[in-house]
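Report on the following structure.
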Amino acid sequence: MKIKSFNEFGILLGCAANAVPRVETLEKYADIMHELGYNTLYLETADTYKIDGEPYFGYMRGGYSAAEIRRLDAYCRERGIELVPAIQTLAHLHFLKNYECYRPIVDVEDILLVDEAATYELIDKMFAAAAAMYSSRRINIGMDEAYLLGTGKYFYKHGYKDKTEIMLSHLKKVLAIAEKYGFRCEMWSDMFFHAISKGNVYETGGNAVPAEWKEKVPENLTLVYWEYFVPDAETCGHMIDMHRQISDDVKYAGTFFRWHGIAPANAFSEKVMKRALTACKNREVKDVLFALWADYGGGASIFSVLPAMYEISRFAANDCADVQTDRRRFEQLFGVKYEDFGLLDALNYPDTDFSEKIVSDRRLNNKSFFYLFNDVFYGTFDSLLSEGISEKYANVCSQLKKIDGKEFSYIFDTLVALADVLSVKAELGKRIRAAYGRGDKETLRRIAKDDIPALLQKLDVYYAAYERQWMKENKPFGFEVQNIRLGGLRSRIECAGRTIERYLSGALKTIGELEEPQQPFGYSPAQNEDDYQITRYIPAVTHGFL
């Protein structure tokens with residue numbers, strides 16, 4: 001398929017949040033991209049690549065070797081795909097602070113110390129490594145979300161300086177190093193607009209950007225406007241207009257949601273990315289890419305969003321084929337019906353019947369993630385449980401079991417097992433609290449004797465399936481995070497069972513956690529279970545598992 005509407009129609013794969021795809025996985029992905037008309041693949045490797053003379057850079061993180069990247073580069077070129085490095089030259093380098101040798105060049109949190117000679121020595125090595133590995137001479141240098149820039153060591157060494165001026169000084173040095181190695185740089189644009197709007201990314205508060213900003217953005221730089229939760233084409237188009245007031249070279253980056261938990265959101269991705277592409281077509285933006293980040297540990301398979309990848313490529317190509325013809329081509333390519341593959345979304349939407357109407361109205365959530373890790377005693381998310389959620393997950397499990405996923409069957413196996421876990425786990429804490437509150441010891445006895453052991457068995461099946469999926473697609477590095485999460489979850493459930501048994505035997509007069517009055521979920525302004533903001537608060541409310 002040829003995407004004539006765009007010059008660049010690319011994918012960015014996040015390879016630095018625990019999950020580092022195997023080269024074989026990336027080659028398979030390149031094959032699919034070629035079939036669907038995608039022509040650029042960015043590898044986002046904050047520290048997951050090898051640098052000569054820096055043994056701790058990417059240490060025990062599955063960093064790609066030069067040989068691995070060269071192999072993938074050649075494979076992509078044979079398929080008409082440009083492999084482009086995406087590195088970090090300012091923030092998102094949090095692993096560096098784990099090693100004493102890098103601490104002198106860390107400003108605060110994951111941000112490098114600007115105006116420090118050793119910082120630029122390391123960045124020079126980054127570019128040298130990229131130049132030796134990739135044939136492309138385009139590079140994304142990151143420099144996004146460094147909102148605390150200048151507030152750590154930099155402040156104590158240099159005093160207060162405007163963070164925009166600090167960033168621009170740093171950017172000038174980075175661009176000079178890039179030029180030395182023949183690279184043309186792209187940079188995420190949010191730091192500019194964070195400054196323009198005084199703290200609100202991509203909210204300018206008007207129709208004009210102060211004129212002086214045009215002079216601040218270097219001419220030899222491409223600005224990448226990223227927006228994932230596109231409310232409508234008009235808003236997205238407005239921000240494209242704002243970008244063009246400060247730069248003549250702008251591209252758009254959207255997403256396919258596999259990075260908000262452990263199951264995909266194909267339908268939501270299709271909905272919001274069609275809005276974004278409409279804005280890009282209307283504004284004649286010719287370069288677009290879609291980021292598959294790996295937040296929250298890289299839980300979902302990169303292949304789980306194939307329906308969204310397929311539908312958006314068809315939309316971008318102005319494919320006017322009727323729906324049935326369109327769906328048959330998907331099945332011919334992947335061996336699974338489009339609708340069946342889309343049912344992977346059901347882990348986060350167990351209440352829906354997946355009709356077209358419901359899909360079109362769907363919002364983003366990651367229920368399967370926070371239901372799985374919701375503590376059975378604390379019940380942080382209990383107030384968000386819909387009536388009969390256990391039965392609904394049992395139905396999801398039953399539906400997914402019927403699907404032959406062909407070469408992707410391992411992904412279906414994983415999510416079938418998760419749905420089976422949630423058919424017990426989702427409501428377990430609520431049932432425990434209710435039984436305890438009414439003094440129903442018989443129900444508590446059945447939960448401790450039957451339900452908890454059954455849940456632990458289901459959790460073991462899920463763990464085994466998830467491990468198979470991870471090891472098939474990714475390098476082993478990073479799976480220790482899943483070991484700790486799921487092992488901790490299992491241990492916590494076992495502990496809850498023992499606590500109930502001690503209470504029933506009289507060894508405990510009360511269960512302290514269940515004596516505490518339960519409050520509704522309150523970490524987000526909205527109390528709507530389908531509000532995507534829940535995604536952002538999960539690490540704060542799952543009591544250490546994440």
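N318 and K281 share a donor-acceptor pair across their side chains, judged by distance under 3.5 Å alone. Using a 3.5 Å distance cut-off with no hydrogens or angles, the side chains of S135 and R77 do pair a donor with an acceptor. Between N18 and Y296, the side chains place no donor N or O within less than 3.5 Å of an acceptor N or O (distance only, hydrogens not considered).
Y202 and W226 have perpendicular rings, their planes meeting at more than 60° on a 0 to 90° scale where under 30° would count as parallel. Ring geometry for F303 against Y29 counts as tilted: the plane angle lies between 30° and 60°, on a 0 to 90° scale. Classified by interplanar angle (parallel below 30°, tilted 30° to 60°, perpendicular above 60°), the ring pair F268/F229 is tilted. The aromatic rings of Y147 and H194 lie parallel to each other, with less than 30° between the two planes, well short of the 60° mark. Ring geometry, F183 versus F127: the interplanar angle falls from 30° to 60°, so the pair is classed tilted. W213 and F192 have perpendicular rings, their planes meeting at more than 60° on a 0 to 90° scale where under 30° would count as parallel. Aromatic ring pairs are classed by plane angle as parallel below 30°, tilted from 30° to 60° and perpendicular above 60°; the pair F57 and Y102 is perpendicular.
The shortest distance between side-chain heavy atoms of I81 and T40 does not fall below 4.5 Å. The shortest side-chain heavy-atom distance between V250 and V285 does not fall under the 4.5 Å cut-off. Contact annotation: the side chain of K173 approaches that of S169 to within less than 4.5 Å [non-hydrogen atoms, C-beta and beyond]. Looking only at side-chain heavy atoms (C-beta outward), E473 and S301 come within less than 4.5 Å of each other.
The two residues I302 and T25 have their closest heavy-atom pair at CD1-CG2, 3.7 Å. The shortest heavy-atom contact between P476 and M471 is CA-SD, 3.9 Å. Pairing each heavy atom of N39 with each of G10, the nearest pair is OD1-N, 4.4 Å. Residues V217 and I246 approach most closely at CB-O, 3.5 Å, considering heavy atoms. Across all their heavy atoms, Y134 and V84 have their closest contact at CE2-C, 3.9 Å. The minimum heavy-atom distance linking Y154 with D107 is given by the pair N-OD1, 3.2 Å.
Taking the centre of each ring, W259 and Y228 come in below the 6.0 Å mark. Centroid-to-centroid, the aromatic rings of Y160 and F155 stay 6.0 Å apart or farther. Between Y225 and W188, the ring center distance fails the sub-6.0 Å criterion. The distance between the ring centers of F408 and F341 falls below 6.0 angstrom. Outside the 6.0 Å centre-distance limit, the rings of Y49 and Y64 are not counted as a close aromatic pair.
Judged purely by atom type and a 3.5 angstrom limit, R258 uses its side chain to pair as donor or acceptor with the backbone of A300.
Ionic pairing of K180 and D124 is present here: one or more N-O contacts between side-chain nitrogen and carboxylate oxygen are shorter than 4.0 angstrom. For R244 and E284, the salt-bridge test fails: no basic side-chain N is under 4.0 Å from an acidic carboxylate O. The pair K125-D52 does not meet the salt-bridge criterion, since no charged nitrogen lies less than 4.0 angstrom from a carboxylate oxygen. Residues E82 and R138 are paired through a salt bridge, judged by an N-O separation under 4.0 Å between the basic side chain and the carboxylate. With respect to R71 and E27, a salt bridge is recorded, a charged nitrogen being found less than 4.0 Å from a carboxylate O. Salt-bridge annotation for E311 and K274: present, with a side-chain N of the basic residue lying under 4.0 Å from a carboxylate O of the acidic one. A salt bridge is defined here as a Lys NZ or Arg NE, NH1 or NH2 lying under 4.0 Å from an Asp or Glu carboxylate O, and D47 with R61 meets this definition.
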Worked verdict on I51 versus Y56 for side-chain contact (heavy atoms from CB on, under 4.5 Å)
CA-CA 9 Å; I51 295 180; Y56 289 101; over 6 Å; no
Can you check side-chain contact (heavy atoms from CB on, under 4.5 Å) on I11 and L292, steps first, answer last?
CA-CA 7 Å; I11 295 287; L292 274 69; 4.1 Å; yes
For a side-chain hydrogen bond (donor to acceptor under 3.5 Å, both in side chains) check, start with the C-alpha distance between E145 and H92, then their side-chain angles and the critical distance, and finish with the verdict.
CA-CA 8 Å; E145 299 180 321; H92 293 303; 2.9 Å; yes
Start with the C-alpha gap between K157 and E116, add the side-chain angles, then the distance that decides, and say whether salt bridge (Lys or Arg N to Asp or Glu O under 4.0 Å) holds.
CA-CA 10 Å; K157 292 191 72 167; E116 192 75 13; 2.8 Å; yes
Could you go through L36 and F9, starting from their C-alpha distance and side-chain angles, then the distance that decides it, and tell me whether this counts as side-chain contact (heavy atoms from CB on, under 4.5 Å)?
CA-CA 10 Å; L36 298 183; F9 195 70; over 6 Å; no
Check against side-chain contact (heavy atoms from CB on, under 4.5 Å), L277 and V288:
CA-CA 8 Å; L277 287 188; V288 300; 4.2 Å; yes
Would you check, one step at a time, whether the test ring-ring contact (aromatic ring centres under 6.0 Å, His included) holds for Y252 with H243?
CA-CA 10 Å; Y252 170 78; H243 278 71; 9.5 Å; no
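Within a 6.0 Å sphere centred on CD of E179, other residues, nucleotides and ligands contribute 12 heavy atoms or fewer. Within 6.0 Å of NZ in K214 there are more than 12 heavy atoms belonging to other residues, nucleotides or ligands. Remark: E219 CD is loosely packed, at most 12 non-hydrogen atoms of other residues, nucleotides or ligands lying under 6.0 Å away.
Separating the CG atom in L43 from the SG atom in C76 is a distance of 7.5 Å, to the nearest 0.5 Å. Taken from CD1 in I141 to CD1 in I139, the straight-line distance is 8.0 Å, to the nearest 0.5 Å. Of the inter-residue distances, the one linking L96 atom CG with L112 atom CG reads 6.5 Å to the nearest 0.5 angstrom. A distance of 8.0 Å separates CG in N266 from CG in L306, rounded to the nearest 0.5 Å. Distance check: N366 CG to I262 CD1 gives 8.5 Å after rounding to the nearest 0.5 Å. The structure places CD of E109 at 13.0 Å from CG of L93, a figure rounded to the nearest 0.5 Å.
The cationic atom of R79 (NZ for Lys, CZ for Arg) lies less than 6.0 Å from the six-membered ring centre of Y75 and within 45° of the ring axis. Annotation: cation-pi geometry not satisfied between K50 and Y59 (NZ/CZ under 6.0 angstrom from ring centroid, within 45° of ring axis).
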